[in-house]
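What follows is a set of notes on a single structure, which appears directly below.
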There are 2 protein chains.
Amino acid sequence: MEERSILGFALLGLLEKQPMSGYDLRKIFASSAMGSFSDSPGAIYPALGRLEKRGLIRGALEGSSSLRRRRVYRITPKGMAAFKAWLRKPVTRDDVIRHSNHLMLRFAFMDQSLGAEHAVRFLNEFADEVAGYLPSLRQYLEMHGSGMPFSGRLAVEFGMQEYKTLLRWARKSIALYERRRRNET
Amino acid sequence: MEERSILGFALLGLLEKQPMSGYDLRKIFASSAMGSFSDSPGAIYPALGRLEKRGLIRGALEGSSSLRRRRVYRITPKGMAAFKAWLRKPVTRDDVIRHSNHLMLRFAFMDQSLGAEHAVRFLNEFADEVAGYLPSLRQYLEMHGSGMPFSGRLAVEFGMQEYKTLLRWARKSIALYERRRRNET
DNA sequence: AATGTCATGTAACTAGTTACATGATTTA
DNA sequence: TAAATCATGTAACTAGTTACATGACATT
């Protein structure tokens with residue numbers, strides 16, 4: 001019962017927090033901040049259908065018959081399990097290079113679903129993997145930079161800045177978790 | 001003759017610089033730095049086929065018959081025109097939010113294909129659009145931040161850092177172009 | 001009465017992933 | 001001669017985009 005689309009997991013994460021209709025979910029994606037998701041009905045409704053078919057969520061028509069038909073979905077225990085398994089996957093180099101948005105989405109849901117301790121562990125993995133990748137990018141720029149057009153070099157330079165920002169953010173976030181933990185006890 | 005996949009444009013851009021085989025292109029994508037592209041044959045070869053069918057590139061079997069069969073593609077005038085039209089598209093808010101990698105790819109090829117002047121103009125557009133978007137993200141965080149889990153808040157915070165990095169980078173790059181121009185004259 | 005928003009859906013098209021297949025040439 | 005690499009391709013599956021369709025209810 002593998003769910004492979006990132007959209008599916010985003011939906012699971014939102015439904016874990018609170019049962020909602022497809023329309024509610026679309027509104028969340030439309031009001032941005034959830035970045036890279038489409039709010040088009042052609043993406044959301046089929047995705048919900050797939051999740052339901054796999055038993056990860058279950059929809060029910062809401063309220064009395066005179067109301068607008070409104071299908072409210074809630075996550076099932078099986079869906080919870082699948083979602084948490086996704087959150088728990090190890091951080092790979094490939095994720096860092098090609099799917100850093102997936103990693104960020106997982107993190108965003110992490111302490112809601114698995115708790116702060118796990119979130120910190122995740123950030124450490126994330127930071128380590130980024131720190132390991134940065135030197136190879138730097139090396140690439142040194143090796144191939146001279147043969148590239150100026151704008152190409154600048155684009156790679158931006159890539160490095162991005163990963164540096166990510167690393168700074170991860171470390172700072174770890175520190176913030178630490179401070180929060182101390183203040184709570 | 002619309003080409004809508006970003007992979008198609010990446011291929012056009014690389015082939016504009018130098019005719020190559022599918023295998024060469026795969027190697028480029030495999031040796032990272034071109035970030036988010038897959039080097040899988042199932043992506044590259046069909047994409048090349050589509051481009052050829054649309055007349056944007058043309059492949060020819062290379063060398064004598066005893067050689068390994070190796071299809072070398074080169075960009076056609078029609079392909080050049082389509083590629084430049086893509087580069088010249090205006091920078092939209094939607095691009096900034098959901099497709100900043102497209103924008104970065106366009107920029108990477110920009111002064112090779114359209115010249116430095118156009119690259120600077122593009123960076124200005126880009127920077128303006130980002131600067132216009134940032135406040136709304138900040139506002140979102142202020143409005144909804146308190147209702148979000150801690151890791152969610154941190155994730156949005158990272159988004160903001162990312163856009164700030166982008167803005168800094170764009171402005172610095174504009175300055176570098178300026179300096180370069182002065183040194184050349 | 002007309003327009004706007006709520007709410008869900010579907011069909012056609014395009015494209016990427018994974019996995020498999022094939023055969024030539026080079027290196028150990 | 002076995003293994004690695006060069007080189008190209010295809011098939012099945014999954015998913016997203018765009019555009020269209022439908023109807024209930026609310027607002028002006």
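So that the names make sense, note that chain A is the first sequence line, chain B the second, and so on, each numbered from 1. Remember, predicted model here, so these are calculated numbers, not experimental data. Side chains included, hydrogens not; waters and symmetry mates left out as well; all remaining heavy atoms used.
- We find that CD1 of B:Ile6 is positioned 14 Å from P of D:dT17, with the value rounded to whole Å.
- Closest approach to the B:Pro41 side chain among D:dA15, D:dG9, C:dA7 is made by D:dG9 (side chain taken as heavy atoms from C-beta onward).
- OP1 or OP2 of C:dG16 lies within a sub-4.0 Å distance of a side-chain N or O belonging to B:Ser5.
- The side chain of A:Tyr73 lies closest to C:dG9, out of D:dG16, C:dG9, C:dT8.
- Taking side-chain N and O atoms only, A:Tyr45 has no distance below 4.0 Å to OP1 or OP2 of C:dG9.
- Phosphate proximity of C:dT8 to A:Tyr23: absent, as no side-chain N or O sits under 4.0 Å from OP1 or OP2.
- Note: CD1 (A:Ile44) to P (D:dA19) measures 18 Å, nearest angstrom.
- Taking for each of B:His99 and B:Ser21 the nucleotide of DNA chain D with the nearest heavy atom, the 5'-most of the two is the partner of B:Ser21.
- Ion pairing between a basic and an acidic side chain is recognised when a charged N comes within 4.0 Å of a carboxylate O; A:Glu62 and A:Arg71 show no such pairing.
- Look at NZ on B:Lys53: it is 12 Å from P on C:dC13, rounded to the nearest Å.
- We find that B:Glu178 and B:Arg181 are joined by a salt bridge, their nearest charged nitrogen and carboxylate oxygen being less than 4.0 Å apart.
- Between the C1' atom of D:dG9 and the CZ atom of B:Arg50 lies a distance of 14 Å, rounded to the nearest Å.
- Using a cutoff of 4.0 Å between basic side-chain nitrogens and carboxylate oxygens, B:Asp24 and B:Arg70 are scored as salt-bridged.
- When each of A:Gly42 and B:Arg26 is assigned the nucleotide of DNA chain D bearing its nearest heavy atom, the one mapping closer to the 5' terminus is B:Arg26.
- Look at CG on A:Asp24: it is 17 Å from P on C:dT5, rounded to the nearest Å.
- At least one side-chain nitrogen or oxygen of B:Arg70 sits closer than 4.0 Å to the OP1 or OP2 atom of D:dA7.
- The CZ atom of B:Phe9 sits 12 Å away from the P atom of C:dG16 (whole-angstrom rounding).
- Side-chain nitrogen and oxygen atoms of B:Ser38 include at least one within less than 4.0 Å of the OP1 or OP2 phosphate oxygen of C:dT17.
- Counting to the nearest Å, the P atom of C:dA15 and the CG atom of A:Leu7 are 20 Å from each other.
- As a whole-Å value, the separation of B:Leu51 CG from C:dT14 P is 14 Å.
- Distances were taken from every side-chain heavy atom of B:Ser40 (C-beta onward) to each of C:dT17, C:dT8, C:dA15; the shortest belongs to C:dT17.
- Ring to ring, A:Phe158 and B:Phe107 are not that close: their centroids are 6.0 angstrom or more apart.
- In summary, the side chains of A:Ser113 and A:Glu16 do present a donor paired with an acceptor at a separation below 3.5 Å, with no hydrogens or angles considered.
- Nearest nucleotide to the side chain of A:Ala43, out of D:dT17, C:dT8, D:dT8: D:dT17.
- For A:Arg71, no side-chain nitrogen or oxygen approaches OP1 or OP2 of C:dT8 to under 4.0 Å.
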